[in-house]
2 protein chains.
Amino acid sequence: MKKTRTTPSDLSATIAKNIRDAIVSGALIVDERLPSEADLSEQFNVSRPTVREALKRLAAQSLIRTQRGATGGAFVNHISFQDAYPQQITTSTLLLSMNDVSFETACEARFALERACAPLSAQRRSADHLATMRTEIFRQSQPGLSDEAWCASDVSFHRALVDGAANPVLSYQLAGAIEAIEPLMNMITFTARSRAEIIALHTEIADGLEDQAPDKVDGALIALETYTRQLAKDVFSRQKSAKTTT
Amino acid sequence: MKKTRTTPSDLSATIAKNIRDAIVSGALIVDERLPSEADLSEQFNVSRPTVREALKRLAAQSLIRTQRGATGGAFVNHISFQDAYPQQITTSTLLLSMNDVSFETACEARFALERACAPLSAQRRSADHLATMRTEIFRQSQPGLSDEAWCASDVSFHRALVDGAANPVLSYQLAGAIEAIEPLMNMITFTARSRAEIIALHTEIADGLEDQAPDKVDGALIALETYTRQLAKDVFSRQKSAKTTT
DNA sequence: AAAGAACAATTGTAAGACAAATGAAAAAAA
DNA sequence: TTTTTTTCATTTGTCTTACAATTGTTCTTT
């Protein structure tokens with residue numbers, strides 16, 4: 001071994017970490033302008049392309065934004081919950097698809113989190129949230145609704161429930177769980193019969209929230225979870241038997 | 001306007017999105033090798049530095065890893081929950097610090113999520129989880145414990161609770177919530193008196209889990225939330241009065 | 001004084017070069 | 001023949017230089 005090699009021979013990663021730490025620790029505050037790429041390359045003793053690679057890493061995490069022109073540069077980004085949603089969803093989706101998470105596990109997590117929101121939502125939900133849920137229930141009852149549209153409506157319904165809790169931290173956390181699991185849900189809610197059952201439970205949930213009756217909502221969510229898991233079990237066993245007969 | 005300008009004049013972002021979509025959609029599978037940077041720059045008709053900026057964006061999201069050498073290149077990464085934790089925590093931390101999330105809101109979310117895990121944990125917690133919790137409680141009872149060590153121990157305790165639910169999706173979601181809120185918690189748990197109270201509640205939680213008594217755990221968590229919020233209120237009002245007298 | 005033109009600063013992109021790593025193939029030695 | 005060494009080709013990591021595009025500022029002209 002020639003050198004101690006504390007650096008992982010990846011300057012752009014090192015520089016990115018350096019700047020990221022400065023942002024997280026508060027040394028760089030929101031909307032503050034970073035030194036220009038030329039200045040940074042001098043400070044860190046690297047070339048401009050290397051600095052740029054580091055900045056792109058940070059941009060990928062929405063930590064900075066860049067602007068061209070005379071007064072341009074890289075600025076510390078204000079990360080809103082809105083901005084963080086897509087990243088959260090992308091990561092959650094990949095985590096589920098790459099780690100052999102069973103439907104059971106994903107479903108359990110999703111409903112556990114959603115049930116955590118329900119009491120708060122029953123307490124605070126606005127007329128808007130209730131209206132959204134009623135609208136989505138109506139949409140779901142339309143016979144011609146495509147599977148994709150059904151799923152989108154289902155997501156909207158449950159997001160309204162979660163948003164009703166009026167806690168952005170919860171909404172953010174739940175967004176990943178609900179949206180990432182939706183593709184898995186797609187497979188099991190395509191028959192008219194299951195739709196009718198789910199609509200009935202959705203109605204019970206909306207009623208419970210309107211009446212500010214957390215127990216009623218909780219019961220409906222438990223029923224919905226049970227029903228969903230039963231449907232999934234049926235679908236999977238049917239797939240298996242179809243495979244053996246072929 | 002000269003052009004339609006669908007491209008935001010940010011080639012590396014466009015290329016990154018292109019490849020990211022291929023990964024998320026499953027067109028590129030785990031451990032598959034991407035074309036070399038030279039090939040990619042030909043395919044996308046851009047220079048190699050631009051391709052590299054795109055790849056660094058993906059690397060920042062842990063979507064790919066790169067390797068030098070003859071058989072090297074960029075490979076689609078297998079994202080484990082373990083890998084995703086730090087990103088989740090970084091993002092959550094910044095979201096809290098940048099969005100004026102009140103302590104009340106953060107605290108409410110954290111305990112709502114944790115209480116969602118508690119029944120599952122009471123059902124499935126292993127001896128290991130219980131042992132970890134007992135160990136941390138013991139550590140917390142040591143008089144000389146620094147504030148930092150106390151907080152770290154507190155995090156370990158609650159993570160053991162959450163991990164006891166044996167649901168990686170829940171553990172992942174909670175990691176962000178618990179760890180990101182910890183800095184806020186730091187401010188309020190520094191007196192011996194509050195430590196003693198918290199240790200008592202921790203013990204109640206551990207007992208409840210050991211006895212597989214979810215209601216007992218839930219009660220203790222509610223008490224802990226109430227106590228924490230009361231402490232926070234006291235600290236803030238004291239800060240305010242200190243400010244006015246100065 | 002107002003409008004327009006030139007200017008300067010900064011990021012975005014390109015091209016070419018060399019260094020470093022690394023596996024594979026070829027050559028040499030046992 | 002088998003093992004070790006050497007060479008080599010491929011690929012990423014980094015640097016240098018250059019130019020294009022954008023945009024606020026300053027100067028000039030009307």
Checklist entry - Residues in side-chain hydrogen bond (donor to acceptor under 3.5 Å, both in side chains) with B:Glu225, at least two apart? => result B:Arg229
Item to check | Set of side-chain hydrogen bond (donor to acceptor under 3.5 Å, both in side chains) partners for B:Thr135, sequence neighbours left out | outcome: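 Here no residue qualifies.
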Checklist entry - Does anything in residues 167-177 of chain B pair up under salt bridge (Lys or Arg N to Asp or Glu O under 4.0 Å), and if so which pairs, sequence neighbours excluded? => result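 Every candidate salt bridge (Lys or Arg N to Asp or Glu O under 4.0 Å) pair involving residues 167-177 of chain B fails, so no pair, neighbours aside, qualifies.
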Checklist entry - Does any pair with a residue in residues 46-56 of chain A pass salt bridge (Lys or Arg N to Asp or Glu O under 4.0 Å), and if so which ones, sequence neighbours excluded? => result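 Listed once each, the pairs are A:Glu37-A:Arg48, A:Glu37-A:Arg52, A:Arg52-B:Glu53, A:Glu53-B:Arg52.
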For a quick test of your reading: what N or O donor-acceptor pairs under 3.5 Å do the side chains of residues 68-77 of chain B make, sequence neighbours left out?
unit_1  : atom_1 : unit_2  : atom_2 : d
B:Arg68 : NH2    : A:Ser9  : OG     : 3.1
B:Asn77 : OD1    : B:Arg65 : NH1    : 3.3
B:Asn77 : ND2    : B:Ser62 : O      : 3.4

Item to check | Protein-to-nucleotide contact annotation, 5' to 3' order, nucleotides 8-20 of chain C [B base; S sugar-phosphate only; - none; under 4.0 Å, heavy atom] | outcome: -BBBBBBB-B--S
